[in-house]
Amino acid sequence: MSKQIFTTNSQQGLIRSGSFRTRAGVVTTPTFMPDGTRGAVKSLTPEQVASTGVEVVLANTYHLHLQPGEQVIKKLGGLHEFTRQKLPLLTDSGGFQVFSLAHINKISEDGVTFKDPRNGDTIFLSPEKSIQIQMELGADMMVAFDDVVALDGDKRHRTLEAFERTHRWLERSLAEFQRLTKNMSATERPLLFGVVQGGLDKDLRKRSLENVQSLPVDGIAIGGLSVGESREEMHDMLNYLAPLYTKDRPRFLLGVGDPIDLRYGIEHGIDMLDCVIPTRNGRHGVAWATGDKKVHLTNAKYINDPEVIDPECDCTTCLGGYSKGFLCHQFKVKEPLAGALVSIHNIRYLQRICEEYRK
RNA sequence: GCAGGGUUAGUGAAGCGGUCAAACACUCGAGACUGUAAAUCUCGCGGCUUAUGCCUUCGUAGGUUCGAAUCCUACACCCUGCA
């Protein structure tokens with residue numbers, strides 16, 4: 001049933017480079033995708049985002065549904081028109097909020113009831129609802145609504161339950177997706193990613209992957225990692241899954257983006273990754289420099305430093321000549337420009353890593 | 001000149017006889033952050049440091065007391081009334 005979506009350009013062992021088509025343009029892989037949760041990559045204009053060379057930007061169903069609501073965005077022309085972002089847009093399903101807001105949600109087979117942490121409003125998300133919202137938003141790529149389990153505490157016992165529920169929810173997500181796209185042409189139809197769960201249980205992970213790959217979804221998303229487990233545990237799982245992927249569809253590792261993990265993922269067959277860390281760290285004054293060295297720009301030692309963050313970097317911040325001294329000062333006086341400049345640098349740092357694997 | 005009020009660690013500001021190296025906030029120093037409840041959070045912030053440890057601090061100098069940042073005296077400076 002599933003057709004060939006992904007075109008491989010080169011393959012070296014488990015590492016592959018290629019491309020696939022979305023209705024908003026072609027995506028080259030491996031690729032890093034910054035998170036624009038509320039419709040903006042925090043503090044950056046679409047032009048600044050584009051300057052980093054990234055090809056896809058994320059947005060979030062949960063957040064945009066809460067505010068301003070998908071109907072508002074639809075009225076204002078859809079996500080692209082609304083956010084002025086021309087790059088292909090991928091919306092996350094809200095599944096991650098099942099995990100991150102676990103203390104204020106209630107999961108049932110039908111879906112998840114959240115308490116809005118801002119004002120206490122009750123909001124309900126289900127597989128169907130999530131797909132409907134993503135469709136209304138106008139996403140080019142969407143993710144099925146899944147059930148994510150934390151891996152660092154006493155919740156691991158939920159792994160089996162979440163694994164099973166994620167599959168039932170995927171079938172519902174897919175059915176809703178097919179219902180809403182049945183009249184669309186191939187060129188206007190968005191893409192749907194199914195999510196693999198299973199925690200740190202290899203047998204569950206394998207069955208989950210086989211299940212997702214057996215369905216006519218357009219892409220395979222690996223979820224439920226980087227949620228509290230150790231780096232070794234995460235890498236072990238990525239290594240285990242690597243030979244099990246089919247070649248016909250893009251593989252998206254959800255939420256992973258530390259340079260070390262990014263490389264590990266790509267070297268184990270991953271095509272796409274998203275992560276908040278380059279922008280969050282950027283706003284918090286932490287930049288990466290060649291060798292994955294962390295530069296804490298707020299450190300007192302940088303206040304007189306005339307050098308750019310990384311002389312080998314080709315981002316607009318480094319090419320623009322912004323010194324560590326300038327950035328240090330702007331962070332200390334809480335000027336938002338500093339966070340924006342370092343976010344650009346960090347996103348570019350990750351995208352450059354991806355580009356190295358495309359050769 | 002007379003009468004009040006005040007002077008606490010980098011800053012502001014609690015404390016008003018023992019449990020005070022001294023609340024709290026900020027500044028400052030360091031760190032964390034992986035499908036963003038995150039321009040957030042954590043730790044440290046007199047000195048020595050392994051410390052439930054020692055030493056030096058609460059305008060200055062004396063005094064009372066077993067014990068003082070806290071009470072008394074003098075002095076210095078600041079603020080407010082009356083002249």
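Just so it is clear, the values below take in all heavy atoms, side chains as well, and ignore hydrogens, waters and symmetry mates.
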Undergrad: Across the strands shown, which category fits A/K294 at heavy-atom distances under 4.0 angstrom: base, sugar-phosphate, nothing?
TA: sugar-phosphate
Undergrad: Check whether any side-chain nitrogen or oxygen of A/Q97 sits under 4.0 Å from OP1 or OP2 of B/G35, and answer yes or no.
TA: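 Answer is no, no contact under 4.0 Å.
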Undergrad: Could one point to a donor on the side chain of A/S100 or the base of B/U36 with an acceptor on the other under 3.5 Å away?
TA: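 Between B/U36 and A/S100, which were checked side chain against base, a qualifying N/O pair under 3.5 Å is absent.
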Undergrad: Distance criterion of 3.5 Å, no angle test: do you see the side chain of A/H296 paired donor-to-acceptor with the base of B/A32?
TA: no
Undergrad: Contact class for A/V286 (heavy atom, under 4.0 Å): base, sugar-phosphate, or nothing?
TA: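 Base, at least one base heavy atom under 4.0 Å.
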Undergrad: Rounded to whole angstrom, note down the C1' distance from B/G46 over to B/U64.
TA: 28 Å
Undergrad: On a whole-Å scale, what distance lies between the P atoms belonging to B/A39 and B/G35?
TA: 13 Å
Undergrad: Quick one: is A/N60 getting a side-chain N or O under 4.0 Å of the B/U36 phosphate, OP1 or OP2?
TA: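 Result: yes.
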Undergrad: State which residues pass side chain to side chain donor-acceptor pair (under 3.5 Å) with A/H296; sequence neighbours excluded, sorted by chain then number.
TA: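 Per chain and number, A/H296 pairs via side chain to side chain donor-acceptor pair (under 3.5 Å) with no residue.
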Undergrad: Starting from A/L160, walk the hydrophobic network (Ile, Leu, Val, Met, Phe, Trp, Tyr; side-chain heavy atoms closer than 4.5 Å) and list everyone else you reach, by chain and number.
TA: A/F163, A/L204
Undergrad: Under the side chain to side chain contact (heavy atoms under 4.5 Å, CB included) test, which residues partner A/I303, sequence neighbours left out?
TA: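 Result, side chain to side chain contact (heavy atoms under 4.5 Å, CB included) vs A/I303: A/C328, A/H329.
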Undergrad: Expressed as a whole number of Å, how far does the C1' atom of B/G59 sit from that of B/G5?
TA: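 One C1' to the other, the span is 16 Å.
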Undergrad: Rounded to whole angstrom, note down the C1' distance from B/U70 over to B/A37.
TA: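 The answer is 46 Å between these two C1' atoms.
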Undergrad: Counting only Watson-Crick or G-U wobble pairs whose two distances fall under 3.5 Å, which nucleotide matches B/G17?
TA: none
Undergrad: Which is true for A/Q197 with a 4.0 Å heavy-atom rule: it touches a base, it touches only sugar-phosphate, or it touches nothing?
TA: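 A/Q197: base contact, heavy atoms under 4.0 Å.
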Undergrad: How does the hydrophobic cluster around A/L319 look, that is, which other residues are in it when side-chain heavy atoms under 4.5 Å mark a link?
TA: none
Undergrad: Checking A/R231 against A/Y264: charged group under 6.0 Å from the ring centre and within 45 degrees of the axis?
TA: no
Undergrad: Under the side chain to side chain contact (heavy atoms under 4.5 Å, CB included) rule, collect the residues that match up with A/R280, sequence neighbours excluded.
TA: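 Residues passing side chain to side chain contact (heavy atoms under 4.5 Å, CB included) with A/R280: A/V276, A/R283, A/H284.
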Undergrad: Identify the pairs formed between an N or O of the protein and an N or O of nucleotides 39-46 of chain B at a distance under 3.5 Å, and give each distance.
TA:
| unit_1 | atom_1 | unit_2 | atom_2 | d |
| --- | --- | --- | --- | --- |
| B/A39 | OP2 | A/R283 | NH1 | 2.2 |

Undergrad: Please work out if A/G224 contacts a base, only the sugar-phosphate, or nothing of the nucleic acid, heavy-atom cut-off 4.0 Å.
TA: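 Answer is base: heavy atoms of A/G224 come under 4.0 Å of a base.
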Undergrad: How far does the C1' atom of B/A68 sit from the matching atom of B/C20, given to the nearest Å?
TA: 11 Å
Undergrad: May I have the distance from A/R231 (atom CZ) to B/A32 (atom P), rounded to whole angstrom?
TA: 12 Å
Undergrad: Are A/S226 and B/U34 close enough that a side-chain N or O sits under 4.0 Å from OP1 or OP2?
TA: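 Checking A/S226 against B/U34: no side-chain N or O falls below 4.0 Å of OP1 or OP2.
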Undergrad: Between C1' on B/G35 and CH2 on A/W169, what's the gap in Å once rounded to a whole number?
TA: 15 Å
Undergrad: Does a side chain donor of either A/Q134 or A/S130 reach within less than 3.5 Å of an acceptor in the other side chain?
TA: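 Side chains of A/Q134 and A/S130: pair found under 3.5 Å.
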Undergrad: Residues sharing A/F331's hydrophobic cluster, by side-chain heavy-atom contacts under 4.5 Å among ILVMFWY, directly or via others?
TA: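 Noted: A/F331 shares its cluster with A/V295, A/L297, A/Y302, A/I309, A/Y322, A/F326, A/L327, A/L337, A/L341, A/V342.
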Undergrad: Is B/A51 paired to anything, Watson-Crick or G-U wobble with both distances less than 3.5 Å, and if yes, which nucleotide?
TA: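 Paired with no nucleotide.
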Undergrad: Taking only the side-chain heavy atoms of A/A300 (C-beta and beyond), determine which of B/U36, B/A30, B/C33 contains the nearest atom.
TA: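 Given the options B/U36, B/A30, B/C33, the side chain of A/A300 is closest to B/A30.
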Undergrad: Any idea which of B/G35, B/U34, B/U36 is nearest the A/H63 side chain?
TA: B/U36
Undergrad: Taking a pair as Watson-Crick or G-U wobble with both distances under 3.5 Å, which nucleotide is matched to B/U40?
TA: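 By the stated definition (distances under 3.5 Å), B/A32 pairs with B/U40.
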Undergrad: Considering only atom P, compute the distance from B/A14 to B/C28 and round it to an integer number of Å.
TA: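 The same atom, P, in both gives a distance of 23 Å.
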Undergrad: Taking a pair as Watson-Crick or G-U wobble with both distances under 3.5 Å, which nucleotide is matched to B/C24?
TA: B/G12
Undergrad: Which whole-number value in Å describes the distance from A/I353 CD1 to B/U34 C1'?
TA: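 Rounding to the nearest Å, CD1 of A/I353 and C1' of B/U34 are 13 Å apart.
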Undergrad: Run the salt bridge (charged side-chain N to carboxylate O under 4.0 Å, His left out) check on A/D292 and A/R263 step by step: do they pass?
TA: CA-CA 11 Å; A/D292 296 346; A/R263 287 196 185 83; 2.6 Å; yes
Undergrad: Sequence neighbours excluded, which residues qualify as side chain to side chain contact (heavy atoms under 4.5 Å, CB included) partners of A/E312?
TA: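 Applying side chain to side chain contact (heavy atoms under 4.5 Å, CB included) to A/E312 gives A/T290, A/D310.
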Undergrad: Where is the tightest heavy-atom contact between A/K324 and A/D305, given as atom of each residue plus distance?
TA: CE-OD2, 2.9 Å
Undergrad: In whole angstrom, give me the gap between the P atoms of B/A61 and B/U56.
TA: 14 Å
Undergrad: Using the side chain to side chain contact (heavy atoms under 4.5 Å, CB included) criterion, which residues pair with A/Q48? Sequence neighbours excluded.
TA: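 Listed in chain order: A/L44, A/T45, A/I344.
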Undergrad: Which part of the nucleic acid, if any, lies within contact of A/S43, taking any heavy atom under 4.0 Å across all strands shown: a base, the sugar-phosphate backbone alone, or nothing?
TA: nothing
Undergrad: Which residues in residues 261-277 of chain A have a heavy atom closer than 4.0 Å to any atom of RNA chain B?
TA: A/D261, A/D274, A/C275, A/V276, A/I277
Undergrad: With heavy atoms under 4.0 Å as the rule, sort A/G257 into base, sugar-phosphate or nothing.
TA: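 Base contact.
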Undergrad: According to the Watson-Crick and G-U wobble definitions, with both distances under 3.5 Å, which nucleotide is paired to B/C77?
TA: B/G6
Undergrad: Using the P atom on both, measure B/C58 against B/G10 and round to a whole Å.
TA: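 One P to the other, the span is 12 Å.
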Undergrad: Of A/H103 and A/N299, whose nearest nucleotide on RNA chain B comes first from the 5' end?
TA: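 Result: A/N299.
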Undergrad: If you take any heavy atom closer than 4.0 Å to RNA chain B, which residues from residues 124-138 of chain A end up in contact?
TA: none
Undergrad: One pair to check against ring pair (Phe, Tyr, Trp, His ring centres under 6.0 Å): A/F114 and A/Y62. What are the steps and the verdict?
TA: CA-CA 10 Å; A/F114 300 85; A/Y62 174 87; 5.1 Å; yes
Undergrad: With sequence neighbours left out, which residue pairs that include part of residues 74-86 of chain A fulfil the side-chain hydrogen bond (donor to acceptor under 3.5 Å, both in side chains) condition?
TA: A/K74-A/E136, A/H80-A/D140, A/E81-A/R84
Undergrad: With both distances kept under 3.5 Å, what pairs with B/G1, Watson-Crick or G-U wobble?
TA: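 Here B/G1 is engaged in a pair, and the nucleotide opposite it is B/C82.
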Undergrad: Does A/D146 make a side-chain donor-acceptor contact with the base of B/G35, cut-off 3.5 Å?
TA: yes
